[in-house]
Amino acid sequence: MRFSNFDLHCHSFVSDGTLSPRDVVLRAAEKGVEHLSLTDHDTVAGLPEALSTAEEAGIRLISGIELSCQWSKYGVHILGYNFPFESPVMQRVQAHQTEVRLARAEEIEKRLMKKGLPAILEHATALSESSIPGRPHFAQAMMELGLVSSMGDAFKLYLGSGKVGDVKSGWPDLATTLDWIVSAGGTAVIAHPRKYDFSLTKLRELIQDFKEFGGEGMEVVVSGQKPGEVGMLADLCRRFELLGSVGSDFHSPKYAWAELGRVQALPDSVRPVWESWS
């Protein structure tokens, strides 16, 4: 299997990863990555540290962010790339999404307490370097407090898709999210399209709306895919004239299946998203 020296999807502890931005970049360099994008959820706060480290490590850092949004009744993630590192648009986006994330964390705790769990927001917040806990921080808090036996059980019982702690309300709609990225001068890419458990018909509908609102690309290769999905997504890219992207979706060294740099190369039939960047 050919591997790519691009990894355009990873996270630091500024959002829901476990390493600092600096350590993410250094680890990427050790793993042979030559072109990296740090795409923390709804924040660009880690980019300055990542950029200075990338210059030190001799790899190229592409600005990035992974934005949460609503499409129809579904929560989806859109990656934004290659905008100015000090983009005032992205600073405003970060402020908006931070407010949404804080309100979401409070709502998660409220719903969990209605199910009989104790207040755990303070504990989850202490586990978050950004002081904005996400579901992984709630899961870890549950485990540390002895409310569940593992983080997997926390998601299975309380936090996974469709469970009481799966709070999606408050996110901007797809059109707004695409407008933010385009206004910032960036490139918008659909993140991990098979993670949404959409039928092919529903995924095509998403792609059509995404393109209408200014989207340009789709993640074709990402960790955790099933056999055949790369080819299927490559076919969709060709059909809808989308650029293709690749990324590990790295969060922690504990998850070997999503290691930095262990990313299958983009199929030759798909035009890479990075070819559109100078």
Side-chain angles (χ1 to χ4, degrees), residues 8-9 11 14-16 37 39-45 63-84 87-108 110-111 130 132-135 159-220 222 233 236-237 239-243 245 247 249 273:
L8 302 181
H9 191 166
H11 302 276
V14 169
S15 60
D16 62 346
S37 185
T39 53
D40 277 313
H41 290 284
D42 302 301
T43 180
V44 292
S63 58
I65 191 169
E66 185 172 6
L67 292 171
S68 306
C69 70
Q70 285 290 121
W71 172 71
S72 185
K73 62 180 180 180
Y74 305 100
V76 298
H77 289 177
I78 303 297
L79 294 156
Y81 293 123
N82 202 43
F83 47 82
S87 166
V89 173
M90 281 300 167
Q91 294 298 325
R92 292 194 293 272
V93 168
Q94 176 178 286
H96 177 276
Q97 296 292 80
T98 295
E99 290 181 7
V100 172
R101 280 192 168 272
L102 287 171
R104 177 174 179 255
E106 292 169 356
E107 179 64 19
I108 290 173
K110 180 180 177 181
R111 293 188 184 186
S130 65
I132 309 172
R135 284 181 297 166
L159 299 167
S161 180
K163 300 300 181 181
V164 64
D166 180 24
V167 178
K168 296 184 175 69
S169 60
W171 298 126
D173 60 26
L174 180 65
T176 298
T177 302
L178 271 289
D179 181 66
W180 285 342
I181 295 171
V182 173
S183 295
T187 303
V189 169
I190 299 171
H192 41 61
R194 297 305 289 161
K195 190 174 181 178
Y196 309 119
D197 198 27
F198 290 166
S199 66
L200 277 178
T201 298
K202 185 62 66 176
L203 181 54
R204 292 188 193 104
E205 291 175 4
L206 169 62
I207 292 171
Q208 288 170 344
D209 287 347
F210 173 78
K211 285 206 67 177
E212 180 182 342
F213 298 141
E216 297 183 63
M218 183 166 65
E219 208 165 38
V220 174
V222 67
L233 294 173
L236 286 173
C237 276
R239 179 178 301 182
F240 288 94
E241 298 182 336
L242 289 173
L243 304 171
S245 187
D249 199 7
V273 65

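Values below: all heavy atoms of this structure, side chains included; hydrogens, waters and symmetry mates excluded. What you see is a predicted model, and the numbers here were worked out from it, not measured in a lab. Index from 1, following the sequence.
Here the NZ atom belonging to K202 is positioned 5.5 Å from the OG atom belonging to S72, to the nearest 0.5 angstrom. We find the NE2-NE2 distance between H9 and H192 to be 5.0 Å, quoted to the nearest 0.5 Å. Atom-to-atom distance recorded for Y74:OH and S161:OG is 10.5 Å, nearest 0.5 angstrom. Rounded to the nearest 0.5 Å, atoms CG (L67) and OG1 (T43) are 10.0 Å apart. For the atom pair SG of C69 and CG of L174, the computed distance is 5.0 Å after rounding to the nearest 0.5 Å.
Counting heavy-atom neighbours within 6.0 Å of E99 CD, excluding the residue itself, gives a total of 12 or less.
Residues P172 and Q97 are in side-chain contact: their nearest non-hydrogen atoms beyond the backbone lie under 4.5 Å apart. Between T201 and R204, the closest side-chain pair of non-hydrogen atoms falls below 4.5 Å. When side chains are defined from C-beta on, I190 counts as touching I207, because their heavy atoms get closer than 4.5 Å. Contact check for L233 versus L203: side-chain heavy atoms found under the 4.5 Å cut-off. Under the 4.5 Å side-chain criterion, counting only non-hydrogen atoms from C-beta, H11 is in contact with D249. Within the 4.5 Å cutoff, no side-chain heavy atoms of L79 are placed close to those of S245.
Shown here for T39 and E66, the closest heavy-atom pair between the two residues is O-CB, 3.5 Å. Of all heavy-atom pairs spanning M218 and C237, the tightest one is CE-SG, 3.8 Å. Shown here for A188 and L178, the closest heavy-atom pair between the two residues is CB-CD1, 3.3 Å. A pairwise comparison of heavy atoms in A184 and P84 identifies O-CD, 3.1 Å as the closest pair.
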For a quick test of your reading: what N or O donor-acceptor pairs under 3.5 Å do the side chains of residues 209-217 make, sequence neighbours left out?
unit_1 : atom_1 : unit_2 : atom_2 : d
D209   : OD2    : W71    : NE1    : 2.9
K211   : NZ     : F240   : O      : 2.7

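Residues that satisfy the side chain to side chain donor-acceptor pair (under 3.5 Å) test with T98, not counting sequence neighbours, are absent from this structure.
Judged by distance alone, with hydrogens and angles left aside, the side-chain atoms of S15 form no donor-acceptor pair with the main-chain N or O of D40 at under 3.5 Å. Between the side chain of D42 and the backbone N or O of S68 there is at least one donor-acceptor pair closer than 3.5 Å. Side-chain atoms of Y196 come within 3.5 Å of backbone N or O of H77 as a donor-acceptor pair. At least one donor-acceptor pair under 3.5 Å links the side chain of S63 to the backbone N or O of N82. A donor-acceptor pair under 3.5 Å is absent between the side-chain atoms of Q70 and the main chain of W171, judged by distance alone. Counting only distance, with no hydrogens or angles, the side chain of R135 and the backbone of L159 share a donor-acceptor pair below 3.5 Å. The backbone N or O of V89 lies less than 3.5 Å from a partner atom in the side chain of S87, making a donor-acceptor pair. A donor-acceptor distance shorter than 3.5 angstrom exists from the side chain of Y81 to the backbone of L8, with no hydrogens or angles considered.
At a threshold of 4.0 Å, the pair R104-E107 does not count as salt-bridged, since none of the basic side-chain nitrogens sits closer than that to a carboxylate oxygen. Remark: K110 does not engage E106 in a salt bridge, criterion side-chain N to carboxylate O under 4.0 Å.
Here salt bridge (charged side-chain N to carboxylate O under 4.0 Å, His left out) pairs that include residues 170-194, with residues two or more places apart or in two chains, are R194-E229.
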